[in-house]
Protein chains: 2
Amino acid sequence: MSAAKASMPERGDTGTLGKLMVLLDVVTHADGPMRFTDILAAADQPRGTLHRQLSHLVQEGLLEIDEDGRYLPGLRLLDLASRSWGRNEFRLVAEPHLKALQDLTGETVHLGVLRGTSIIYLDKFEGQQPVRMYSQIGNASPVYCTGVGKAALSILPRERAGALVGEIAFHRFTASTHTAESLLAEIEEIRKQGHAFDREEHEIGIRCVAAPIWSENLSLVGGISVTGPAYRLTMERLSEWADPVRGTAQRIMEAMRIGLGPRR
Amino acid sequence: MSAAKASMPERGDTGTLGKLMVLLDVVTHADGPMRFTDILAAADQPRGTLHRQLSHLVQEGLLEIDEDGRYLPGLRLLDLASRSWGRNEFRLVAEPHLKALQDLTGETVHLGVLRGTSIIYLDKFEGQQPVRMYSQIGNASPVYCTGVGKAALSILPRERAGALVGEIAFHRFTASTHTAESLLAEIEEIRKQGHAFDREEHEIGIRCVAAPIWSENLSLVGGISVTGPAYRLTMERLSEWADPVRGTAQRIMEAMRIGLGPRR
DNA sequence: AAATTGAGTTCCATATAATAGAACACGTAT
DNA sequence: ATACGTGTTCTATTATATGGAACTCAATTT
């Protein structure tokens, strides 16, 4: 049905846009509003050039300037993102299954998808809260210290997983955070088990159990997890939930084949 | 404290970025995935040029391509937006007050801010009722058919409000939707009352009462609203809530002067 | 009070990147 | 078999972004 296969450029030169996205990343990832000079130090650009680039970003609403002339992320981003999220098919298909898993375990359930070397959280179901917050949703977390991330890596072909691990800039968040070697070793284990644990590798006091989800051609790779405080989620408890988590992942994959339609 | 006043370019040429943002808007505002040809028709660009532009957007993760080669909004947007939202000071300051208003009324409470001719919803607190409402955090809604929008317009200087109304492309959502003339007339009324109603002007069956919120120099203009189904929210009921809504808006403005700090 | 520094803005010749248009590839319908 | 629709690639030309310097304005320092 499709005409020609879309060429997916892996990494390359995105010209002017690439430079602007670097600036956008700098400002959005900063701890607070940034002055012109702060951005100048972070970005390797001449002053005049940077000034015009920032002006363009502000005019388009991707950045904003506060009363002190400092730059912060613009609200235009919210509008764009809400449309990206609102119609995401993976999320829509998974939603009822996540809810069911939340009911069963009583703990927080996450849905994540692999993008580059990060896991982007698409959805979250916590306790009673029917209110969904962006707080976690949308956040990009490193693949090497999240249950969903390790689960996702485990279903990639070895060479592709290895290449991806090679790109990672590892950062030691806790005493248990993986290195490249220990990560690759654990991935082998996860392949056999079919599920992954996060043993306080990202944040002290937080554990989770996760299972991978993938489409046949691996165009979609992600997973789900049940997360909670270590005092409540002992490793024994987590192990008990590995089965339901894998089962839920399985059901989501079945729903995807129907919902997203079999490749015609 | 600040050195030179940042020049806020009102509207102008944003060069390459502007063209790319048009494309991003086209795809994010579409009902579903778009084929290359669909975008070609919407954007006034030669095929070769469009192809490269889309490639760049895809490489940066602002757009994605599905298995059929169709374009849809990219998840990179989620990560950027979650950071924009997570640290938004207005939202953080308002949060407890919104929650209190939700507790009092039992209906859905919204926080919105004026951007151009749209209201962007920054936050939402829903009751327990599973009433489906098509409002989502981040969504940009037209200023002329939302309670928050009309409330926001009412505190702008007349000439500025008039100019803004002049820019609006009016669309008749329901039988009650405003025209430019009726909108300007109602704004006068809202100025006197201090609160605005939405009498099913955006969506049949949905009403709300709203109050404006603004900073001294009008660098921030927005409002809050209590929204719900018309069968439950009679106009009498809405009128009763006008006072608490105005009171909450007042408390948020007081909190802003402390939280955001007095202009040094 | 004058001079100096720091922060941000504007200008312009040059280099670079985006553009338009045509040609190509490939699957689908006639 | 042929033509068509859809998407991709290539290249000379043109438009745009760049980098460096000069400029403005306010806040410190001497």
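Protein chains get the first letters and strands the later ones, always in sequence-line order, with residue 1 at the start of each.
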Hits for side chain to side chain contact (heavy atoms under 4.5 Å, CB included) against A:Ile155, two or more places apart or cross-chain, chain-then-number order -> A:Pro212, A:Trp214, A:Leu218, A:Val221
Gap between atoms CD1 and P, on A:Ile65 and C:dG8 respectively (whole Å): 10 Å
I need the full list of side-chain hydrogen bond (donor to acceptor under 3.5 Å, both in side chains) pairs touching residues 145-155 of chain B, with sequence neighbours left out, sorted by first then second residue. B:Lys150-B:Glu186, B:Lys150-B:Glu201
Quickly work out the B:Leu54 CG to C:dA18 P distance and round it to whole Å. 14 Å
Polar atom pairs between nucleotides 19-23 of chain C and protein, under 3.5 Å, N or O only, would you list them?
unit_1, atom_1, unit_2, atom_2, d
C:dT19, OP1, B:Gln53, NE2, 3.4
C:dT19, OP2, B:Arg52, NH1, 3.3
C:dT19, OP2, B:Arg52, NH2, 2.3
C:dT19, OP2, B:Gln53, NE2, 3.3
C:dA20, N7, B:Thr49, OG1, 3.2

I need the full list of side-chain hydrogen bond (donor to acceptor under 3.5 Å, both in side chains) pairs touching residues 15-25 of chain B, with sequence neighbours left out, sorted by first then second residue. A:Arg76-B:Asp25
Name all residues meeting the salt bridge (charged side-chain N to carboxylate O under 4.0 Å, His left out) criterion together with A:Arg191; count only those two or more places apart in sequence or in a different chain, and write none if there are none. A:Glu188
Enumerate the residues from residues 22-42 of chain B whose closest heavy atom to DNA chain D is under 4.0 Å, giving them by residue number; use none for an empty result. B:Arg35, B:Phe36, B:Thr37
Can you tell me the distance, in whole Å, between the CZ atom of A:Arg70 and the P atom of C:dA7? 14 Å
Taking B:Thr28's backbone N and O only, do any of them form a donor-acceptor pair with A:Arg87's side chain (distance below 3.5 Å, no angle check)? yes
Who passes ring pair (Phe, Tyr, Trp, His ring centres under 6.0 Å) against A:Phe173, sequence neighbours left out? A:His171, A:His202
Ring pair (Phe, Tyr, Trp, His ring centres under 6.0 Å) with A:His110: which residues, sequence neighbours excluded? A:Tyr121
Identify, with sequence neighbours excluded, every residue that meets side chain to side chain contact (heavy atoms under 4.5 Å, CB included) alongside B:Ala140. A:Asp79, B:Ser118, B:Ile120
Rounded to whole Å, the CG-C1' distance (A:Leu50 to C:dT9) equals 12 Å
Separation of D:dA26 atom P from A:Asp68 atom CG, nearest Å, is 16 Å
B:His51 side-chain N/O to D:dT8 phosphate OP1/OP2 under 4.0 Å: yes
